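Below: one structure, written as structure tokens.
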Amino acid sequence: MKSFIFLFIYLVFTTNASPIAKTPTANALKICPWDFWAIYIYNAMNDPIHVNVKSEDDDLGDHTLALNENENWSFCENIWKTTFFYASFNWNGSRTASFGVFDHTTTPHCLKTWNFRKASKCFWLVRDTGFYVGPHLTPFPDGWTKLHDWSLVT
Ligand SMILES: *[C@@H]1O[C@H](CO)[C@@H](O)[C@H](O)[C@H]1NC(C)=O
Ligand SMILES: *[C@@H]1O[C@H](CO)[C@@H](O)[C@H](O)[C@H]1NC(C)=O
């Protein structure tokens with residue numbers, strides 16, 4: 001147990017100490033050799049949620065999203081299509097979730113554009129009933145697919 005706590009603290013500190021890459025927000029125009037993506041995570045709950053998004057190379061930092069606020073970022077997908085981002089969510093310290101917000105399981109639900117000046121887009125909606133992905137920011141539930149649940153912290 002002690003070593004677990006130590007590992008946890010170690011991870012917290014080393015994660016904070018690592019440089020936070022300045023990944024541009026979603027509306028930044030980029031010229032990508034392959035696909036250009038923009039991801040949006042919207043909080044659709046009255047309670048604020050804490051979000052931390054990471055990839056292999058980037059830590060987008062810890063953010064708190066109030067009702068209807070979103071976190072968004074854009075990036076070039078690598079040519080091998082191995083680019084992924086995952087997110088950790090915390091709701092009141094009583095519920096958590098951690099999963100890939102951009103990977104092979106999510107992109108089939110996203111909006112693929114073939115215009116290189118326009119980003120392909122993925123939207124996430126965080127609700128009390130779970131996590132939904134979709135190609136547009138449409139009023140719930142039209143166009144949304146539930147992919148993940150909250151886990152109760154015990
Ligand atoms: C994207 O996030 C930025 C903050 O990083 C925010 O100012 C902007 O409004 C967001 N974009 C949209 C479309 O909400
Ligand atoms: C989160 O906290 C708010 C305010 O303290 C409370 O109203 C709400 O019921 C809590 N939700 C959960 C899931 O714990």
Side-chain angles (χ1 to χ4, degrees), residues 4-5 8 12 14-78 83-103 105-154:
F4 177 77
I5 290 169
F8 177 75
V12 166
T14 52
T15 304
N16 282 347
S18 68
I20 291 171
K22 288 186 178 50
T23 303
T25 54
N27 54 5
L29 174 65
K30 280 203 253 191
I31 305 298
C32 296
W34 197 246
D35 289 327
F36 171 36
W37 285 93
I39 315 296
Y40 299 78
I41 300 175
Y42 276 84
N43 179 13
M45 305 194 299
N46 285 314
D47 290 341
I49 52 162
H50 300 282
V51 187
N52 177 234
V53 176
K54 282 183 195 174
S55 70
E56 270 178 307
D57 314 314
D58 297 328
D59 181 338
L60 305 193
D62 295 315
H63 297 281
T64 303
L65 301 178
L67 173 66
N68 292 334
E69 285 184 345
N70 77 85
E71 171 162 1
N72 58 75
W73 70 100
S74 64
F75 56 93
C76 294
E77 189 176 15
N78 70 32
T83 306
F84 71 94
F85 283 87
Y86 63 93
S88 303
F89 296 88
N90 189 311
W91 174 16
N92 276 9
S94 64
R95 271 151 228 249
T96 60
S98 245
F99 53 84
V101 285
F102 178 83
D103 59 20
T105 62
T106 59
T107 47
H109 303 283
C110 300
L111 177 73
K112 191 81 180 66
T113 56
W114 301 99
N115 178 342
F116 78 98
R117 289 180 165 277
K118 287 180 99 182
S120 295
K121 288 179 179 173
C122 287
F123 293 90
W124 283 94
L125 204 59
V126 182
R127 300 178 61 86
D128 54 359
T129 51
F131 299 83
Y132 301 77
V133 67
H136 302 282
L137 193 63
T138 46
F140 188 80
D142 290 337
W144 295 100
T145 304
K146 184 176 174 179
L147 289 189
H148 300 280
D149 276 306
W150 288 103
S151 307
L152 208 55
V153 175
T154 49

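One is the number of the first residue; the rest follow in order along the sequence. Every value quoted in this text rests on a predicted model; they were computed, and no experiment measured them. One-based numbering, in listed order, for ligands and for the atoms of each.
- For the pair K112 and W114, the cation-pi criterion (under 6.0 Å, within 45° of the ring axis) is fulfilled.
- Ligand 1 has an N or O atom lying under 3.5 Å from an N or O atom of N70, backbone or side chain.
- For ligand 2, the atoms closer than 4.0 angstrom to any heavy atom of R95 are 13 (C).
- Any N or O atom pair closer than 3.5 Å counts here, and D47 shares at least one such pair with ligand 2.
- The nearest protein atom to atom 13 (C) of ligand 2, hydrogens excluded, is given as W91 CZ2, 3.3 Å; this is a heavy-atom distance.
- The shortest distance between side-chain heavy atoms of T138 and W144 falls below 4.5 Å.
- Note: F102 and Y86 fail the aromatic proximity criterion, with ring centroids not under 6.0 Å apart.
- For W124 and F99, the ring centers sit closer than 6.0 Å to each other.
- At a distance under 4.0 Å, a protein heavy atom can be found next to atom 2 (O) of ligand 2.
- Side-chain rings of F123 and Y132 stay apart, their centers remaining 6.0 Å or farther from each other.
- Here the protein heavy atom with the shortest distance to atom 11 (N) of ligand 2 is N92 ND2, 2.9 Å.
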